[in-house]
Amino acid sequence: MTSDMAMALPTIKIDRPDVIVIGTGAAGGVMMKELSTRGLKVVAFEMGPFLKTRDYVQDELKCMKLRGLIKYDQPNTYRPDANTEPAVVYSVNMQSNVGGGTVHYTGISWRLHESDFKERSLFGPVAGADVQDWPVDYWDLEPYYEKAEYEIGVSGLASANPFDPPRRKPYPLPPVARKSSGALADLAAQKLGWHSYPTPMAIITQDYDSRGACMNCGFCEGYGCTMEAKSSTLVTVIPKALRTGKCEIRADCCVREITVDEQGLATGVVYLDKNLNEHRLEARVVVVCCNGVFTPRLLLMSPSTRFPNGLANSSGYVGKHLMFNYYQSARGFFEKELNEYKGVMDTRVIQDFYEPNPGKHGFFGGGVLEPRGDGELLAFSQLNIPRLPRWGPERKQWIIQNFNRQMVALASMESLSQETNTVSLDAKVKDKWGLPVPCITYKSHPNEFTVGDFFRERAKELLAAAGATRIVATPNAVPKGDAHLLGTCRMGNDPRTSVVNKFNQSHDVKNLFLVDGSSFVTSGKSNPTLTIQALSFRAAEYIVDQMKKGNIG
Amino acid sequence: MDDRRLSRRAFLSRTGQVTGGVISLGVLGTAGKALTRQASKPSREFVSFTEQQGLTIEAMAERIMPADDQSPGATDAHVIDYIDRSLTTHNAEDRPNYLTGIDLMDKASETAYGKKFIDLTVDQQVELMTAIDKREPPPGWTDTALPSQTFLRLVIEHTMEGLFADPQYGGNHNEIGWKMVNFPGPKAFGYDPPFGAYDANLPEIEYPPFVPYKGPGKQEQPSKKRK
């Protein structure tokens, strides 16, 4: 089915919402649906436009290089440390259309493992890092992981991964079709004694919830799905929210401040419309779902006499402990055609090296191997390959020979929480709204490169076992940004050392909730979206409960 | 059918480029001037360039992705049309760099060979571009206005875009770039597996059946239970 589900949905105007949700991505979309279907009136804000499925195109140049459709069109700044002058970059890999990053994401949707929530107590402290336990554990989130898998639509094969945490229900949909990169991963894993299993993906493999099954067109990671088979919030929970008649989306509107009253409770927001006209909107509860960079930025842009260092920031931790996931990869070239331009990005995963084992490996934190077809034609033609000229007959022959005969073994790993890795307001650079852009200060913990070295070797080992004729690997490098934006309003029981409690509720402002990757205490090993969505389902339930009891709002 | 086994003439024929026996010759004869379409089109109009500038970029693009006896190149794919047009749209901020860069190429060319870039032989053009790529500018030429290697990299990037981006942007004429690498372009209705040689031939792993975890959650810590 390719009908534009959102088209037929009611558009209404709400002047007095119960709840304001800022951001319509992974968490915001879930929040909109969960609150409005329980009878609450919701106004959701999105900085970018409300594009529909028909607006998304299978066009590599437009989606992968040009900014605006998929890539967020405003810059940020980056510096390795607080003593260096920030440089203007575009390193925050995010999308600001309705649906947020779930429109273009790969769709990898796994649960964190039990150990991810308890790293401090299981493995002890790490010098130079601030590793803590989460205030929730896997079993607190398990019902909400399940809810997310069923409501969003996740395909996978429960029981296939011996390292998965236990679960009560299988995935609602069978796994995605295996590509050649997945088949080679299976081959290599069997040779090496590892365990490859079908990647759990938020891409439906059968008709589900009035959407049609994936047709393996290949325009997947980095694109908006033209089939609505990718389970973005744009085509799953957001239409359900709008159908209640109790949810309004204000797209092309940027919230620049959350307002508070004398009691220190949130009263609403100040926002700018497309023409930079300023408006105010009041609500009983405010939920911020702007991601690990833009959520702390909004709080820091909302100082008041009561909260001079930024809203919800009595701990001083807003914007601190920024984490990404760290990546290394190796690219393998093969004799026969893989045709990785077909199908979803990633069909097999290997989690044999997931659990941190400092004693055995000499480093903290683990990772996953994601064999995949990472080879868009424009990018592939310009790859920097040792000893290969960038142009001329040799380059041309190389492109022709290899475009369909290569794959990538991507390793996605843990990033350690450090107080000095931060999001702050840039002192000089303003965005198109006239607001300070986020400044990323980030330096890798030495452990990151050690893990990177280990996983790069495993990636090469995988490709070699699969029969690659040539392998080219990436070197370690400090990331300036990422798509996984985590940790900047961390969750905890102690208001002195955390920003939100275990229900994503601000310790300082009881009717303010921060729900997105910013509440992560540890980064996990890779794709955080399903956990963000589980947290959002859980926080929404808590918000409704607390409002009913009269405790907030 | 494997395009790489076809002759370039057959390739162009398939892509509809051979008309009335007149074939865009590209640079098949490497002796003499490297200009590409001058024989059939004496005057060229560009929106971002003078004719001289446009032909300079077209020649550079052809050196970057040259036609050979097996497959077409940048000229056949109308890469210059892509670059010319893109400098008025999404690559507009690079236009000043092009104008400076072309001047720089000509100055370098005149210093080294006493001729403008487009008047060099193919071998000389390759020689000059190779020197620039290796940051070894010819004697007498100072590379101050714009680092020439940066300019070359820019033209490389845009040549690849002109060859491989969607034809709606003016290049990749008749999907020449896509056909060259056996990429069918966007297919609205996708593909059925098997997708490639390996998933077709390697057996699927048999996984154990799913057994739901029945424990009451917190009371039964499964990690302890499993140990």
Side-chain angles (χ1 to χ4, degrees), chain A residues 58-62 65-66 114-115 137 139 142 157-160 165-170 177-184 186-187 189-190 196-197 214-219 226-227 334 336-343 377-378 381-382 389-393 395-396 399-401 403-404 466, chain B residues 3-4 63-66 68 71 73 90 126 129-130 133 152-153 156-157 159-161 163-166 168-169 177-178 180-205 207-215 217-218 221-223 226:
Chain A
Q58 299 177 321
D59 180 338
E60 185 185 352
L61 185 76
K62 192 164 191 175
K65 183 184 178 191
L66 309 183
E114 291 157 288
S115 62
D137 68 14
W139 290 99
E142 203 277 341
L157 190 62
S159 82
R167 48 191 300 138
R168 284 179 262 228
K169 276 170 96 173
R178 189 181 67 160
K179 308 208 300 183
S180 276
S181 55
L184 288 167
D186 284 346
L187 175 72
Q190 280 172 322
S196 60
Y197 78 100
C214 172
M215 289 171 135
N216 297 302
C217 76
F219 286 84
T226 54
M227 304 298 302
F334 293 84
K336 295 178 192 161
E337 291 192 342
L338 286 76
N339 302 327
E340 289 289 306
Y341 62 84
K342 300 178 184 179
L377 184 49
L378 284 180
S381 64
Q382 296 165 64
R390 288 170 188 272
W391 57 281
R395 165 66 61 161
K396 184 184 165 196
I399 296 168
I400 292 171
Q401 173 64 29
F403 173 61
N404 283 334
Chain B
D3 280 337
R4 287 168 299 105
R63 301 295 82 77
I64 289 164
M65 289 298 275
D68 54 42
S71 62
H90 57 269
V126 170
M129 286 166 65
T130 307
D133 201 14
L152 177 62
R153 296 278 164 91
I156 292 170
E157 181 183 343
T159 297
M160 297 307 186
E161 289 171 12
L163 188 56
F164 295 126
D166 193 285
Q168 66 169 305
Y169 297 101
W178 290 347
M180 187 188 289
V181 297
N182 271 346
F183 174 57
K187 286 279 172 268
F189 297 104
Y191 310 92
D192 290 325
F195 305 131
Y198 299 98
D199 56 309
N201 296 318
L202 291 168
E204 293 259 5
I205 292 174
Y207 297 102
F210 175 69
V211 181
Y213 176 71
K214 291 204 175 71
K218 295 214 155 199
Q221 283 294 339
S223 56
R226 282 189 299 173

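Numbered from 1 within each chain, the chains take letters A, B, ... in sequence-line order. From a predicted model like this one, the values you see are computed outputs, not experimental measurements.
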*What's the spacing between Glu60(A) CD and Phe164(B) CZ if we round to 0.5 Å?*
10.0 Å
*If you count heavy-atom pairs under 4.5 Å between each of Leu187(A), Leu61(A), Asn339(A) and chain B, which one has the most?*
Leu61(A)
*Between the main-chain N or O of Phe195(B) and the side-chain N or O of Lys179(A), is there a donor-acceptor pair closer than 3.5 Å?*
no
*Choice from Lys187(B), Gln168(B), Glu161(B) maximising heavy atom contacts with chain A below 4.5 Å*: Glu161(B)
*Shortest non-hydrogen contact from Ala165(B) to Leu378(A)?*
N-CD2, 3.9 Å
*What part of Glu204(B) gets closer than 4.5 Å to chain A, counting heavy atoms only: side chain, backbone, both or neither?*
both
_Trp178(B) side, atom CH2; Leu377(A) side, atom CG - distance, nearest 0.5 Å_ = 8.5 Å
_Nearest atoms (heavy-atom pairs only) where Pro186(B) meets Gln58(A)_ = CB-OE1, 3.2 Å
*Is it the side chain or the backbone of Asp186(A) that comes within 4.5 Å of chain B heavy atoms, both, or neither?*
both
*asked:* Quick check on the interface: out of Ala200(B), Pro203(B), Pro194(B), who has the most heavy-atom pairs with chain A under 4.5 Å?
replied: Pro203(B)
*asked:* With a 4.5 Å cut-off on side-chain heavy atoms, are Trp391(A) and Thr130(B) touching?
replied: yes
*asked:* With chain B as the partner, which of Lys65(A), Lys169(A), Glu340(A) has the greatest number of non-hydrogen pairs under 4.5 Å?
replied: Lys65(A)
*Kindly assign one of parallel, tilted or perpendicular to the pair Phe403(A) and Phe183(B), based on the angle between their ring planes and the thresholds 30° and 60°.*
perpendicular
_Selection from Gln382(A), Gln190(A), Arg395(A), Glu142(A) maximising heavy-atom pairs under 4.5 Å formed with chain B_ = Gln382(A)
*asked:* What part of Leu66(A) gets within 4.5 angstrom of chain B, counting heavy atoms only: side chain, backbone, both, or neither?
replied: side chain
*Could you tell me which non-hydrogen atom of Ser159(A) sits nearest to which non-hydrogen atom of Pro208(B), and how far apart they are?*
OG-O, 2.6 Å
_Residue pair Met215(A) / Ala188(B): nearest heavy atoms and the distance that separates them_ = SD-O, 4.5 Å
*Which portion of Pro193(B) sits near chain A, non-hydrogen atoms under 4.5 angstrom*: side chain
*Non-hydrogen side-chain atoms of Ser71(B) and Lys396(A) separated by less than 4.5 Å*: yes
*Can you tell me how far CG of Leu157(A) sits from CD1 of Ile205(B), rounded to the nearest 0.5 angstrom?*
11.0 Å
_On a heavy-atom basis, which atom in Pro66(B) and which in Gly392(A) lie closest, and how many Å separate them?_
CD-C, 3.8 Å
*Pairwise side-chain contact, Pro165(A) with Tyr213(B), heavy-atom cut-off 4.5 Å (strictly under)*: no
*Give the C-alpha distance, both sets of side-chain angles, the deciding distance and a yes or no for salt bridge (Lys or Arg N to Asp or Glu O under 4.0 Å) between Lys62(A) and Asp166(B).*
CA-CA 9 Å; Lys62(A) 192 164 191 175; Asp166(B) 193 285; over 6 Å; no
*Tell me, please, whether Tyr191(B) has Lys342(A) positioned over its six-membered ring: NZ or CZ under 6.0 Å from the ring centre and within 45 degrees of its axis?*
yes
*Where does Asp192(B) contact chain A at under 4.5 Å (heavy atoms): side chain, backbone, both or neither?*
neither
*Going through the distances and angles, do Leu184(A) and Leu202(B) end up as a side chain to side chain contact (heavy atoms under 4.5 Å, CB included)?*
CA-CA 8 Å; Leu184(A) 288 167; Leu202(B) 291 168; 4.2 Å; yes
*Give, as side chain, backbone, both or neither, the part of Leu152(B) having an atom under 4.5 angstrom from any heavy atom of chain A.*
side chain
*Could you check which of Asn201(B), Asp199(B), Asp133(B) has the highest count of heavy-atom pairs closer than 4.5 Å to chain A?*
Asp199(B)
*Is any side-chain heavy atom of Leu338(A) less than 4.5 Å from a side-chain heavy atom of Tyr198(B)?*
yes
*Does any heavy atom of chain B fall under 4.5 Å from the side chain of Ser196(A), the backbone, both, or neither of them?*
both
*In Å, rounded to the nearest 0.5 Å, how long is the span from CZ of Arg390(A) to CE of Met129(B)?*
13.0 Å
